[in-house]
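Proteins come first, then strands; the chains are lettered A, B, ... in the order of their sequence lines, and each starts at number 1.
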Amino acid sequence: MAALEKLNAVFQEVFSNDTIQIKPETTANDIEGWDSFSHITLIVAIETRFNIKFSQKELLSFKNVGDLLNCIEKKTIA
Amino acid sequence: MTFNSLQFALFFILVYLIYLVLHHKAQNILLLAASCVFYAAWDWRFLSLLFISTTTDYFCGLKIHENKDERLKKKFLFVSIIVNLSILIILKYCNFFVTNIVTLLNYAGVRLDLLILKTALPLGISFYTFRTMTYTIDIYAGKMKPTSSYTDYALFVTFFPLLAAGPIMRARDLMPQIESPRKPDLANFYEGSYLIFWGLFQKIFVADNLALIANEVFNSPPPYNGAIILSGIYAFAFQLYCDFAGYSNIARGLGKCMGFDITINFNLPYFATNPQSFWNRWHISLSTWFRDYLYYPIALSKRHWGTWSSVFATIITFTLCGLWHGAAWTFVIWGIYWAILLVIYILIKPSSRKATAERKAQSVSIWHWIKIALFFQLICIGWLFFRAESCSQAIQMLHGLFLNFKIINNPYLIAYGFRITFYVIILLLMEIFQFFKNDQMAVYRSNIFAKAALYIICYYLMILHGAGNGKDFIYFQF
């Protein structure tokens, strides 16, 4: 899916690691360097790359990459 | 009834034996009743506050979930947060704020006599209010559904292994365990017993004995000899750690015996080599609570500031974390101290790829051990403020530490050195073993002879050198 690939590219860029392959079940525990500080950078990068804006509630509801992806797709279709 | 008392031992044995023969629903009722008895044994008057928090959040949880209107959802969330925080702030911080306002006004020349609230601090209030707020907040965020069973929810709030001093388990981690049948089998019993035994050893042998040294040092008047202060701080560092980790281990062990999986609260914190690592290892349930419910909302709302959003959120979060520990400036300064260390770390830390490469290269090098030892000194400076009786004592001690450090002709120093070493040596050996195996249960999983030797040694050390019966755990005062 285009969104997943595009999101994966953002992850690879933010964490300086081109071997990253995200899946819907991926969480912060699975990616080296994804901590509370880099999470903010990641969100900003995603919003910039996809040209969307997450609401506060959406941001605090994500449990894994799958939730993030669903939200991105909803916003980019709309 | 502290965990290290005969009354508690009898209480738990009785509850546990009945628990084993009951079916699931009856087990939950038994645990709820036992938890109320446990709390009432401390102070029955504050059961009403537990009841208020429980009932408020039970109803708010249902209302947040069933309402489709976002504004109504938010309203019920605010009711929950305001009720819980008000109880906490009024009972815990009222005097602190009043006293400071009066002092400020005095400086401005205004004399005011304000009423000081004379109430005791309800046991566990800082813990159960934080625990119960995870329920309504997570329901609002769509991370869990509310329960329709009042008694199940009441058990979540009052669960006696967690009641007095945590770990601060999330509703979404503990409610499912309450709501489903548990299988307390022999494996759980053995593992639980090991955790209880090790926790009791940490408390009775290590913490309570080191407390005597720390108290001697911190109760003494100035002028301060830096070397003695350092001994006192080292003693306190291990006292606090073993007191709290011991408590958490006993809590985990009690839960394990009954088939519950209680979250780990400590992960070899003194092996940390940077502030971020330390807070991923120390009082994990609290630091993750602050991260998820304070740091992330603030940092994300200011994300357009770039790195400064993290800096800003970190300063607020850790200042409040310090204040959470107690209504005193020493705790606030301790929190700010960690905020500063973390901010420095955020600004200078290497990129993730470089960090991984470094980590792989140095995992057991001498340089890594030196970093551990050096970072431990930074941790201890924080503990100086945490333990000091007042800000002025902390400053005088810092002065002594850096400008009046005398090692020669100091018999106290040698005595303290030997005693501290005697009390921590087994703990250190255990933890180094766990560190190399990267497994907190490494000793439990090792061969029977090693375990038997350890149990016998620890058992006799507790009997022969254990300091007293039923000394309170430090974190009960929070």
Pick one of side chain, backbone, both or neither for [X], based on which atoms fall under 4.5 Å of a heavy atom in chain B.
| X | result |
| --- | --- |
| A/Glu58 | neither |
| A/Ile43 | side chain |
| A/Asp67 | neither |
| A/Thr41 | neither |

_With rounding to the nearest 0.5 angstrom, report the CG to CD1 distance, A/Leu7 to A/Ile72._
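The CD1 atom of A/Ile72 is 4.5 Å from CG of A/Leu7, to the nearest 0.5 Å.
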_For a quick test of reading the model, state the closest non-hydrogen atom pair linking B/Cys321 to B/Trp279 and the distance between them._
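Smallest interatomic distance, heavy atoms only, reads SG-CH2, 4.3 Å.
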*Cation over ring, B/Lys74 on B/Tyr140, under 6.0 Å and within 45°?*
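Negative - B/Lys74 is either too far from the ring of B/Tyr140 or too far off its axis.
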*State whether the side chain of B/Trp324 and the backbone N or O of B/Ser126 hold a donor-acceptor pair below 3.5 Å, judged by distance alone.*
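Yes: the side chain of B/Trp324 pairs with the backbone of B/Ser126.
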*Does any N or O in the side chain of B/Lys145 come within less than 3.5 Å of the main-chain N or O of B/Leu62, such that one atom is a donor and the other an acceptor?*
no
Please state whether the side chain, the backbone, both or neither of [X] comes within less than 4.5 Å of a heavy atom of chain A.
| X | answer |
| --- | --- |
| B/Leu300 | both |
| B/Arg291 | side chain |
| B/Thr314 | side chain |

*Using a cut-off of under 4.5 Å on heavy-atom pairs, state which of B/Ser309, B/Gly142, B/Ala299, B/Pro297 scores highest against chain A.*
B/Pro297
*Any chance the side chains of B/Thr129 and B/Asn84 put a donor and an acceptor closer than 3.5 Å?*
no
